[in-house]
Number of protein chains: 2
Amino acid sequence: MSQTPIWKTIALALTADIAEGRFATGDRLPTEAQLAATHGVNRHTVRRALAELARQRLVHPRRGAGVFVSAAATDYPIGKRVRYHQNISASGKIPGKQVLSLITRAADKTEAEALALAPGDPVHVYDGLSLADGQPIAVFQSVFPAARLPDLPEALAQNGSVTRALRHCGVADYTRISTRLTARAAEAIQARHLHLIEGAPVLHSVGINADPQGHPVEYGKTVFAGERVTLTLDDDHG
Amino acid sequence: MSQTPIWKTIALALTADIAEGRFATGDRLPTEAQLAATHGVNRHTVRRALAELARQRLVHPRRGAGVFVSAAATDYPIGKRVRYHQNISASGKIPGKQVLSLITRAADKTEAEALALAPGDPVHVYDGLSLADGQPIAVFQSVFPAARLPDLPEALAQNGSVTRALRHCGVADYTRISTRLTARAAEAIQARHLHLIEGAPVLHSVGINADPQGHPVEYGKTVFAGERVTLTLDDDHG
DNA sequence: CGCTATGATTTGTCTAGTTGTATAGTAGTT
DNA sequence: AACTACTATACAACTAGACAAATCATAGCG
């Protein structure tokens, strides 16, 4: 996987530390042992990185004293860190949706528990794709209790918006009562939908939305393309 | 007519060894050379078997050190508002932190902005490892304003707990004012710390904590092992 | 105050061992 | 001829531990 040796990575990180002012000219760097600990490598690997910086005259080691910054780096490779990011609020309201499928079937055990139903009760299942600027951002699956929302499929088919479809079915407002997040590797089908390669990191989100009375109205799973999405949580309500 | 390849046989034997406890979690397997000798095959054949186990996340090799048995995948719920320790112990796991390094240096531009400081102002930087039942579940870096919290390093070195160290320095309480989450592939150094193979999915979290007056006291980055952690958000507002 | 002795810390060097990767080759099968 | 499974060899990258050499802080002593 990593064709670049670790010591080069460390050397670059240290160069960046100097270039961005975290260590100024004349400062002493952490000891080799400390650097080894923070980077989780052997001391010799750190030494190799420091040797590279010394070769570039960025630092000068003094036996018994430490390694000192001799000059500020003026020119260092910045890498391709800048990426296309899409900021999305945690509520999951994203412009641009594409309906993949919309069916009604029996609820499995997990879905029934999440929606406070009995296993086998009918549910609407809405599979879709979230887009931004034409790029796929997430695949999602929303599960709704069919008994409570018989007319939902038609409403959803019309505009795709969950919020508006729910309002049309008598749920004026809803709030998220639980969210669980984790990072996973993209499965084949997810990768296809999100234009990723299989195994690319994706952000899994599982949540339940309920009406103001506390009755669950949606059980949703969303898989975000990790490379294109940053989830921002707003912790207002101080 | 195609017999099962030798490497599959070896992989199965090793899997059984691990499953039946002949090699415990964290143990180092015999070296590739030793395994090759005992099985009477070439080293590359053993490597192929080990590669299969690594793909299944049963083991994680460390160049120069050996091949180690990975931790069994378990999910650890972590709350957004609730403190780390409380949460882990609530799930029946014994929490722990390991200090990787604790230094004071100048703030770079990003850190300065996050903490409402000027670039170059001194900051304490706390690199560490979060553990649950001895297994690493996250690497983190916390940045604190040094001018405001001069005695923090000693307090942190004593017990490792950020909450207690901050309280000791006069910050009785703090709340999270912003969080950003995304999924990434583990970089080499992160993978080593978290006992993962490079490229495994990890959950990046960047957040700022502030005291009740709204002054930032911590700028923290955390990288969770996606396979071992589920972040649970409590969206109750009261 | 000034000096030295001492011990802890830190970089420099050495040896040995382990995994990662690249190249080339052989035997058997299709 | 091409492919698969495995062998053989060599080197690169990293770990591990030990010890030497230089530095620094400090305590003790004149």
Side-chain angles (χ1 to χ4, degrees), chain A residues 1-14 23 26-55 57-70, chain B residues 1-14 23 26-55 57-70 100-104 153 157 186-200:
Chain A
M1 272 291 183
S2 71
Q3 51 241 30
T4 58
I6 291 186
W7 65 265
K8 277 192 183 170
T9 313
I10 296 174
L12 232 103
L14 289 173
F23 297 116
D27 279 4
R28 208 191 76 173
L29 295 186
T31 69
E32 294 173 350
Q34 277 179 336
L35 288 173
T38 62
H39 290 92
V41 299
N42 191 269
R43 196 186 130 215
H44 291 320
T45 308
V46 168
R47 279 182 64 72
R48 179 120 195 219
L50 289 172
E52 175 63 18
L53 296 204
R55 199 189 59 75
R57 306 273 191 255
L58 275 175
V59 300
H60 54 94
R62 282 178 47 208
R63 178 189 290 205
V67 180
F68 297 83
V69 178
S70 42
Chain B
M1 316 318 140
S2 65
Q3 293 175 313
T4 57
I6 299 181
W7 66 265
K8 273 193 184 170
T9 317
I10 297 175
L12 265 169
L14 288 173
F23 297 119
D27 277 6
R28 207 190 78 172
L29 296 185
T31 68
E32 293 173 351
Q34 281 175 340
L35 287 173
T38 59
H39 288 92
V41 298
N42 189 268
R43 198 185 129 215
H44 286 324
T45 308
V46 168
R47 279 183 64 71
R48 178 124 193 214
L50 289 172
E52 174 62 18
L53 296 204
R55 199 188 59 76
R57 309 275 203 261
L58 275 174
V59 299
H60 59 277
R62 284 178 50 208
R63 176 188 295 205
V67 180
F68 297 82
V69 179
S70 296
L100 292 178
S101 87
L102 198 48
I103 64 172
T104 303
E187 293 167 12
I189 291 172
Q190 297 164 353
R192 313 165 80 76
H193 278 138
L194 296 175
H195 295 182
L196 298 171
I197 64 172
E198 197 174 339

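So you know, we letter chains A, B, ... as the sequences are listed, proteins then strands, and number each from 1.
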For this session: Tell me what R43(A) touches on the nucleic acid: a base, only sugar-phosphate, or nothing, going by heavy atoms under 4.0 Å.
Result: base
Exercise. So which nucleotide from dT18(C), dT10(C), dT7(D) ends up closest to the side chain of T31(A)?
Worked result: dT10(C)
Problem set entry | Nearest-angstrom distance from the residue atom CG of L53(A) to P of dT11(C) | 13 Å
Exercise. Between dC6(D), dT19(C), dG12(C), which nucleotide gets closest to the side-chain atoms of P61(A)?
Worked result: dG12(C)
For this session: For the side chain of P5(A), starting at C-beta, report the closest nucleotide among dC6(D), dT18(C), dC14(D).
Result: dC14(D)
For this session: Report which part of the nucleic acid R47(A) touches: base, sugar-phosphate, or nothing (heavy-atom distance under 4.0 Å, all strands).
Result: base
Problem set entry | Gap between atoms CH2 and P, on W7(B) and dT7(D) respectively (whole Å) | 14 Å
Exercise. Mapping G64(B) and N42(B) onto DNA chain D by nearest heavy atom, which one lands closer to the 5' end?
Worked result: N42(B)
For this session: Could you tell me whether a side-chain N or O of H193(B) sits under 3.5 Å from a main-chain N or O of G40(A), the two making a donor and an acceptor?
Result: yes
Exercise. Whole Å only: how far is the NE2 atom of H39(B) from the C1' atom of dA5(D)?
Worked result: 17 Å
For this session: Starting from C1' on dG20(C), measure out to CZ on R48(B) and report it in whole angstrom.
Result: 16 Å
Problem set entry | Electrostatic pair R47(B):E32(B) at N-O distance under 4.0 angstrom | yes
Exercise. Tell me: NE2 of H44(B) to C1' of dT23(C), nearest whole Å?
Worked result: 9 Å
Exercise. Rounded to the Å, how far apart are L35(B) CG and dT18(C) C1'?
Worked result: 12 Å
Problem set entry | pair I10(A)-L35(A): side-chain heavy atoms closer than 4.5 Å | no
For this session: Could you check how far CD of E32(A) sits from C1' of dT9(C), rounded to whole Å?
Result: 12 Å
For this session: Specify the separation, in whole Å, of atom CZ of R63(B) and atom P of dC14(D).
Result: 5 Å
Exercise. OP1, OP2 of dT15(D) versus side-chain N and O of R192(B): anything below 4.0 Å?
Worked result: yes
Exercise. Is the distance from OP1 or OP2 of dT7(D) to the nearest side-chain N or O of T45(B) less than 4.0 Å?
Worked result: yes
Problem set entry | Separation between CG of L29(B) and CG of L53(B), rounded to the nearest 0.5 Å | 8.0 Å
For this session: Please answer whether the main-chain N or O of I6(A) pairs with a side-chain N or O of R48(A) as donor and acceptor at a distance below 3.5 Å.
Result: no
For this session: Would you mind classifying the nucleic acid contact of L50(A) as base, sugar-phosphate or nothing, using non-hydrogen atoms under 4.0 angstrom?
Result: nothing
